[in-house]
Amino acid sequence: MINDVIITPLSVIKTAGGDVLHGMKSSDPGYSGFGEAYFSTVDPVAIKGWKRHQEMILNFVVTVGSVRFVLFDDRQNSTTNHQFQEIVLSRVKHYARLTVPPMVWVGFQGVDKERSMVLNIANIKHSPDEVDRKALSEIEFNWSNR
């Protein structure tokens, strides 16, 4: 597991007429303020990445479908430098929140037969000035191995 990454199990409360899906409370591990929340869709087999935020803390929750997250740590002073971490989040099979600290690369892939949806609850508002991006080929990882 990469340093400072947190995986928090979340509750699904069954109710008549539809379920309640917990996302985040201010008392939860990984909560460090609120800047914005946004949804991102991921098509089956599609890969989004690589990107890392210099300041933003990401809190990913998969509300629909199934998504494979791959993290890569190239922080020089980290004890997990040059390590990868993979996790698949799904509302049905593994409903949890993935907290990714600043300066850790992240990519994700839709692994469901239908389009998936990811919620990010970020501690700051998005700014293009604090995001670094790389092409998939710039970080060597076998995305077809799942």
Side-chain angles (χ1 to χ4, degrees), residues 1-75 77-81 83-139 141 143 146:
M1 178 172 275
I2 291 177
N3 283 343
D4 305 319
V5 170
I6 303 168
I7 300 168
T8 306
L10 297 174
S11 299
V12 176
I13 301 168
K14 303 285 186 185
T15 64
D19 298 339
V20 174
L21 301 145
H22 279 189
M24 180 172 259
K25 296 183 283 250
S26 61
S27 58
D28 283 349
Y31 179 81
S32 40
F34 177 77
E36 70 176 8
Y38 64 86
F39 292 91
S40 179
T41 60
V42 190
D43 292 334
V45 187
I47 301 168
K48 293 187 173 188
W50 295 102
K51 72 177 185 176
R52 72 175 176 193
H53 289 271
Q54 297 168 24
E55 299 173 36
M56 184 184 284
I57 298 170
L58 308 168
N59 286 285
F60 291 126
V61 178
V62 175
T63 58
V64 176
S66 185
V67 177
R68 173 190 187 195
F69 293 88
V70 179
L71 309 176
F72 177 66
D73 187 359
D74 69 351
R75 297 172 294 176
N77 295 325
S78 173
T79 59
T80 54
N81 182 266
Q83 291 184 23
F84 286 93
Q85 180 176 346
E86 289 183 64
I87 183 169
V88 175
L89 297 182
S90 164
R91 177 180 177 226
V92 176
K93 294 181 183 175
H94 187 206
Y95 189 61
R97 184 180 58 254
L98 171 64
T99 302
V100 181
M103 300 308 290
V104 171
W105 292 98
V106 63
F108 52 95
Q109 177 180 34
V111 293
D112 204 64
K113 293 178 183 171
E114 303 292 326
R115 178 176 286 160
S116 298
M117 187 172 299
V118 178
L119 166 64
N120 179 26
I121 305 167
N123 67 320
I124 61 173
K125 287 195 256 182
H126 183 269
S127 168
D129 296 334
E130 67 92 37
V131 180
D132 300 317
R133 298 180 188 279
K134 288 187 179 203
L136 286 177
S137 61
E138 292 183 80
I139 296 176
F141 183 80
W143 285 96
R146 53 176 181 140

Pairwise side-chain contact, [X] with [Y], heavy-atom cut-off 4.5 Å (strictly under):
| X | Y | result |
| --- | --- | --- |
| Phe141 | Phe72 | no |
| Arg52 | Val104 | no |
| His53 | His126 | yes |
| Trp105 | Lys134 | yes |
| Val64 | Arg115 | no |
| Val61 | Val118 | no |
| Met117 | Val62 | no |
| Val111 | Val67 | no |

At their closest point, which heavy atom of [X] faces which heavy atom of [Y], and how far apart are they?
| X | Y | result |
| --- | --- | --- |
| Arg68 | Trp143 | NH1-O, 2.9 Å |
| Ser116 | Ser66 | OG-N, 3.0 Å |
| Gln85 | Ile7 | NE2-CD1, 3.8 Å |
| Glu55 | Pro102 | O-CG, 3.4 Å |
| Ala96 | Pro9 | CB-CA, 4.0 Å |
| Gly49 | Leu136 | O-CD2, 3.7 Å |

Hey, what do you get for [atom1] ([X]) to [atom2] ([Y]), rounding to the nearest 0.5 Å?
| X | Y | atom1 | atom2 | answer |
| --- | --- | --- | --- | --- |
| Leu58 | Phe108 | CG | CZ | 9.0 Å |
| Thr99 | Asp28 | OG1 | CG | 8.5 Å |
| Glu86 | Gln109 | CD | CD | 9.0 Å |
| Leu10 | Thr63 | CG | OG1 | 11.5 Å |
| Leu89 | Lys93 | CG | NZ | 13.0 Å |
| Ile139 | Leu71 | CD1 | CG | 10.5 Å |

Of Asn123, Val100, Val131, which meets side chain to side chain contact (heavy atoms under 4.5 Å, CB included) against Met56?
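Exactly one option meets the side chain to side chain contact (heavy atoms under 4.5 Å, CB included) with Met56, and it is Asn123.
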
Among Ile57, Asn3, Val5, the one residue meeting side chain to side chain contact (heavy atoms under 4.5 Å, CB included) with Pro101:
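Of Ile57, Asn3, Val5, side chain to side chain contact (heavy atoms under 4.5 Å, CB included) with Pro101 is met by Val5 alone.
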
Ignoring hydrogens and geometry, is there a side-chain-to-backbone donor-acceptor pair from [X] to [Y] under 3.5 Å?
| X | Y | answer |
| --- | --- | --- |
| Tyr95 | His22 | yes |
| Ser11 | Ile13 | no |
| Asn59 | Ile121 | yes |
| Asn81 | Arg75 | yes |

Kindly determine whether Val12 and Arg91 satisfy side chain to side chain contact (heavy atoms under 4.5 Å, CB included), including the steps that lead there.
CA-CA 9 Å; Val12 176; Arg91 177 180 177 226; 4.1 Å; yes

Show the numbers, then the answer: is there a side chain to side chain contact (heavy atoms under 4.5 Å, CB included) between Ile6 and Arg97?
CA-CA 8 Å; Ile6 303 168; Arg97 184 180 58 254; over 6 Å; no

Check this for me: Gln54, atom CD, are more than 12 non-hydrogen atoms of other residues, nucleotides or ligands nearer than 6.0 Å?
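Yes, the 6.0 Å shell around CD holds more than 12 heavy atoms from other groups.
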
I would like to know whether Trp50 and Val70 meet side chain to side chain contact (heavy atoms under 4.5 Å, CB included); could you show each step before the answer?
CA-CA 9 Å; Trp50 295 102; Val70 179; 3.6 Å; yes

Is it true that Phe60 and Phe69 have ring centroids separated by less than 6.0 Å?
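Yes, the ring of Phe60 comes within the 6.0 Å limit of the ring of Phe69, centre to centre.
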
Would you say the side-chain atoms of Ser40 and Lys48 include a donor-acceptor pair closer than 3.5 Å?
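Lys48 and Ser40 do have a side-chain donor-acceptor pair below 3.5 Å.
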
